[in-house]
Each structure stands twice: as C-alpha cells, then as structure tokens.
Trainee: 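I'd like to ask you about the structure that follows.
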Amino acid sequence: MPVLSVIVPFHNVEKYIGPCLDSVCAQTLDDLEVICVDDGSGDEGAAVVESMQADDPRITLVRQDNHGVGHARNVGVRRAGGEYLAFVDGDDTVPRDAFKRLVSSLETTGSDLACGNVMRLHRNLLIPSWAHREAFAKPAQRTHITRRPLLIRDRMLWNKVYRRSFWDRLGLSFPERMYEDQPVAIAAHVGARSVDVLARVVYHWRQRDEPGSSITQRCLEPGNLRDRLLSVSQTAALLAGDAPQLKPDFDRDTLDIDMSVAVEALAGMGVSAEPDLVDLAVRYLDGVSREAWQSLPYEQRLLVHLLHRRRLDELAGFFAQVRDGRLQPRVGSAGWLRKRWYGRHPALPGHLSEVSGELSLQPRLVSLDWRDGVLHGSGRVALGRFDVGELSRVRVRSWLQERGTGEIVQLSDEESVPTWEDVELEGGDRVPEHGFPFRFAFDPDVLSRARLARHGHWDLYVRVRGHGLRLEGRVAGPRWLPPLTPAPRRRSGVWLVPGRNAKGAWGVRLRTAQALIGECRVDGGDLVFSGEMSDVGDGEPVVRLQRRSDGEEMYFPVALTGQDFLARVPLADIDESIGHESWWDVVIDQGRPIRPLVRTRQRTVATVDERRFLIDRAEDGCLLLAER
C-alpha cells in the first residue's frame, strides 16, 4: 500500500498535463501512486499520460466520459489505496518537496489534515495567491479553523494532504457540478479534529491565458453561476449548523467575491434572468447578518441589496453607473459626540448606508513643474466616489515628509471648496469627480546642508480636516496618466528628483549621479538613450534590464566614446509582459551597477509589434521601462 495517493483529474489540458505529472513524479516523497482520471478529453492529453505511464509504473490512467471534475475526483478516490490522499489539477504543478512536508507533518502531529501556502503560476512567473497569503503567513500545528478563522478563505482542495481514515470517517465526496471543491474543503476543515498549517508553498495554481479555458473565466454563464451559488448555499448551511461562529467570516468573503460575480451576471441578464438563479442568490442573502453586509464597499452593498430585493431592472441600471464611475451618492454625517458618515441614495435603506469606515482620501496631482527654481504643484482630493457637497468647505494641508527621520517641510495650508471635474481613467474614459482643489510650492532653499547630505526620500502627503473629519494620505495617481514628471534640479551638488514610485505615489528624492541621460527617445522600435558618465572605469559597459517582479535580466550593448555613452534597446526583443504589467529597471553595468539619472522631462508611450511600452522615470529618477 503506498503512503500517498495523488488524484489528478484532467480534461483538455494536453499542454499542461506533462509538466503537472513531471512535478508529481519528481516528489521527494516517492512512495506514492498517481491516479489520472481522463474526464472525456477531446485532445491528446490521455496519450501524454500513457507515454509517461510507460516510464513510471506509479501512474495509473482511468478513462471516463465527460461527467465533470467532481465525478472524476470521486472515481479517483475509490481507486486510491494510500494512507493519505492528495488532489492535483491537471494544469497545475507541485513544488518538489511539498508532499513530503505535508505527510511528515501529519505523521508528527497526528492531525487529520495538513495544508500549505499557494503561489499563482502565470507562464513562468510565481505570484503569491491573495486567497492564501494571510491565512498561511505563520505556521501552526494541531490547530483548527475555529481558532484560525482566516482559513475560511482556504476553500480549495489541492494545497492539502488528507488522512484517508479521516476522509472516510466524514464520508466526504464531491458534488457532480462546478465549484465542487469549496463545500468539501470547508467540511474537511470543520470536521477535522486538528489541522496543520504550513507557511511553505506547497502548490502552484496556474493562471491560464486561453480565453474560456477555465471555470472561473466562464463565471458569468448561467450554468456556471448556478453551480457557484449551489456551492455557496451548501457551504453556508454547513457552517450555520456545525460552526456558526465562522459564518460571518464566510459571509464577508462570499459577499465580496461570489456575490460580485452574481451581481455582474444577473445585471447583464436583467429582468430576463432565470428565476431559480435569483432564488438561489436571495436565499443565501436572507441569512447574511447586518455586520457582514456592512463589510461590503458602499457601491457593492447597493448592488447586492438590489439583487436581494429582486429589483433586477434597477440593478442593471445602477451596475452600469458603478462600472462607468457615474454613481456619485451624496455623503453626509449624523451625530454630535460620535459623528457617523452615510452615503445618501434613495435605493439603499439607512441601516445599510454607513460609510464611516470607508471614507478615505484619493489625492492626485493635476500639474507639477519648476518655475523660477521652485516646484509648483496643484491637485485634487476626493473622498472616494462620493458627492462631498455637504462638507462645503474644509482645510487642505500638504507637506513633504522624509522617510526615516520623519522631518516635515510644510507646503500649504488653505481652505478649499469642493468642485466637480471630469478626470481621465487609465482606459481613456472620463468620469466626474467631486473633490477639493489644492496648490503648493516647494522651495529647495528650505533644505539645510544636513538634509541635503542625507540623500533622503521625501514623500508628498495631504490632509483634509473639517466637519469632524480628519483624513490624510500620500498623493498618488496612475503612472500612465499625466502629469509629466518634472526634470531633476541640482543644488549644492545634490540632485532634487521629483518622481513617483511603481504605485504612483509622489515625492522628491535627493541623490548624486554617476551618469546622466540627456536624451531618451523611441526610434524605429528601439529605445535609444545617451548621456555622460562621470567615471568610465576599466570595464566594458552594458545595459542591464532587470524585471522587478522576478529579477529576470536582459543585456544590451553600450557604445562608449570618452565619457559619452549611447545605448539602443530593441523593444521587440524584450521578454513579453508577465501578468498585467512588467516593470524593468534600466541599469548601466560596468562591473558595478550605475543607475543613470534621466534629465529629460518627457514620458514616452510607444507601441512596437502590438506591444505597448511606457518609458518613464523610477522613483529615484532612473530610467524605467514598463509594458502592459
């Protein structure tokens, strides 16, 4: 009898099933059997398994007509003979020591279930899974979901090893529909006498590129939504009966994730939506507490409320307003000693309207430039997507704050009255925004010699105060939108570099420079930049591009004439973007990394071979290349 049975259901994943089985068969725990269940694939996936089976007798292939992944998993469980059970989807992979770590933990502690952290796999890039990041931040042995409620987010099967006797004792089996894993995973967590939690990554969950290639990519289809809501209802009923203390946590996540999908799908269907779909959503929402409702952002709370009340015609209209950024409810306050804030909207009852914990500043810059040696800026501060007319007048203060020391340089402190203005979104659309204008000026003469010598980072902050409201935050905005970053200025041998970080937050960096870029442009699909180095050294320089997400590096030649350099980077040759965006730092490498300071003001957006690039400055004024 093998120690571990690994069940791998697959359907039309010919491209991925080989790497999946390679990762399973290469496990450091080699006393295992691999039961592959072909769920009626229409491609050559089964042939790939057969070829691997010839070289590894631990692999078994079971064929069936297409009945769905739940049925395939149940077939695999019935064939399994191991002391422990594990599940792997046919398009995912498993780190080499994952099963050994999970099984060893169970054999040490005697727990019923061991689970571990997860990374999303997109092409060759691994990214932390948002659903697992917090729950698996710290390891724990012999714990339980009731003592570690963040595990309510751990609703997937495949980052776990189950004791087979425990599986049989609970009588676990999979519903034969989509989203079949959630009720089983939560039932296992609740029914376990104890659970081991590993902070180490034990599973790579693939994010596929092909349109319509996964269940989640088809989430708005009626059949998909029906199965999703059935799993939500089944899990909610389980928790209400066996672990009621966990249901509020489950409801908060479900309202945020599953009900967002339900709202979008049913808003698209409108009054023609199938009544049984609406009934499934309404029955679940009937059991959600007011506290869980309040955890939703205001706009989503309004939409889910309309769904709950079956007002599908209004749901479709307001969903379009939210999607387009046109829902602008008026925000107002109530109370004297303890002021509370509410979003006023005729479709939302008062008990669901509080936004006290949701109000946050959204400050952004409209302009930033040097005039007569002084950095002048203007911006606007919004409180989310609300009409702030009832606040009428507030004080807006702005300042620069140095990281580390906390020293402050005050820039402005003025009264402001809210105005409406259309603002541009990254997609090019414009939406109305109600916010408070502000202006500031930064004179570098306020920086003492000691401040200049520290070469510090100074972050730009703004605060709004009035009507019992006091909020502050960093001034930020999307990098791909205006304003342009002003060119750096030099004072007492130190460069003052206005800029913003990868998240768009503005500030001023003080630094010296070993190399300066005086010209930067896109020429015939190439990024071309030139400048001067203060010390050419002895080595032959090259341009090194380093991707921030994973450290991937690419190298390109540099032509050096005396202290002058010229570099040409063919944009089409750069590795394609991984995920939504890729950011590349541009460094001159001459045996030591030199981060050249960009003196030009322009920011260039270029399209090369249907790829869109942004050439900009990094936070420290160095050259930054982005693709999205």
Side-chain angles (χ1 to χ4, degrees), residues 9 11 39-40 66-77 87 89 131 145 151-158 160 167 170-191 212 214-244 246-270 272-289 292-293 296 300 303-304 306-310 312 315:
H11 175 76
D39 186 36
N66 181 227
H67 295 299
V69 66
H71 185 277
R73 286 191 176 123
N74 288 331
V75 167
V77 170
F87 299 89
D89 282 353
I145 191 172
L151 289 173
I152 202 71
R153 296 179 181 173
D154 182 36
R155 307 181 192 183
M156 296 78 168
L157 290 172
W158 24 245
K160 303 171 177 63
W167 185 276
L170 285 190
L172 295 174
S173 65
F174 297 96
E176 296 191 7
R177 60 170 185 261
M178 293 178 283
Y179 302 97
E180 76 297 331
D181 50 350
Q182 174 178 287
V184 175
I186 296 299
H189 265 303
V190 171
S214 68
I215 290 171
T216 50
Q217 287 179 336
R218 306 193 307 272
C219 62
L220 302 183
E221 298 173 1
N224 188 303
L225 179 61
R226 180 178 291 103
D227 284 356
R228 186 181 200 127
L229 293 174
L230 284 170
S231 284
V232 163
S233 298
Q234 183 178 349
T235 309
L238 166 75
L239 293 172
D242 296 344
L246 294 173
K247 188 155 184 304
D249 295 295
F250 172 78
D251 287 337
R252 278 189 282 271
D253 280 352
T254 300
L255 287 172
D256 182 38
I257 302 167
D258 302 274
M259 286 301 113
S260 295
V261 173
V263 160
E264 183 176 358
L266 292 169
M269 300 174 199
S272 63
E274 299 174 22
D276 64 324
L277 279 178
V278 180
D279 289 343
L280 281 171
V282 169
R283 281 199 296 271
Y284 165 70
L285 293 171
D286 284 342
V288 173
S289 68
W293 276 97
L296 277 176
Q300 183 65 13
L303 297 176
V304 176
L306 292 172
L307 170 57
H308 189 208
R309 296 304 178 200
R310 303 176 188 268
L312 299 186
L315 174 64

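We're numbering straight along the sequence, starting at 1.
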Trainee: Nearest 0.5 Å, please: how far is CG in L239 from CG in D251?
Mentor: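 D251 CG to L239 CG: 8.5 Å, rounded to 0.5 Å.
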
Trainee: Do the side chains of H308 and D286 get nearer than 4.5 Å, heavy atoms only?
Mentor: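 Yes; the side chains approach each other to less than 4.5 Å.
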
Trainee: Atom CG in L225, atom CE in M178: separation rounded to 0.5 Å?
Mentor: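 Here the interatomic distance stands at 9.5 Å.
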
Trainee: Taking only residues two or more places apart in sequence or in another chain, which ones pass salt bridge (Lys or Arg N to Asp or Glu O under 4.0 Å) with E274?
Mentor: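 For E274, the residues satisfying salt bridge (Lys or Arg N to Asp or Glu O under 4.0 Å) (neighbours in sequence not counted) are R226.
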
Trainee: Do we see a donor-acceptor contact under 3.5 Å between the side chains of Q182 and S231?
Mentor: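 No donor-acceptor contact under 3.5 Å links the two side chains.
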
Trainee: For the rings on F174 and Y179, is their centre-to-centre separation under 6.0 Å?
Mentor: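 Centroid distance F174-Y179: not below 6.0 Å, so no.
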
Trainee: Between CD1 of I186 and CG of L238, what distance do you get to the nearest 0.5 Å?
Mentor: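 Separation between the atoms: 8.0 Å.
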
Trainee: Distance alone, cut at 3.5 Å: any donor-acceptor contact between the side chains of D39 and H71?
Mentor: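 Per modelled atom types, D39 and H71 side chains form no pair under 3.5 Å.
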
Trainee: When rounded to the nearest 0.5 angstrom, what distance separates CD in Q300 from CD in E264?
Mentor: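 One gets 10.0 Å once the value is rounded to the nearest 0.5 Å.
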
Trainee: Which distance, rounded to the nearest 0.5 Å, do you find between the CZ of R252 and the CG of L296?
Mentor: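 With rounding to 0.5 Å, CZ (R252) is 10.5 Å from CG (L296).
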
Trainee: Is it the case that the side chain of N74 and the backbone of S173 share a donor-acceptor pair, with hydrogens and angles ignored and the cut-off at 3.5 Å?
Mentor: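 Between the backbone of S173 and the side chain of N74 there is no qualifying donor-acceptor contact (under 3.5 Å).
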
Trainee: Quick check: does any side chain N or O of W167 sit under 3.5 Å from a backbone N or O of L172, one acting as donor and the other as acceptor?
Mentor: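 It does hold such a pair.
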
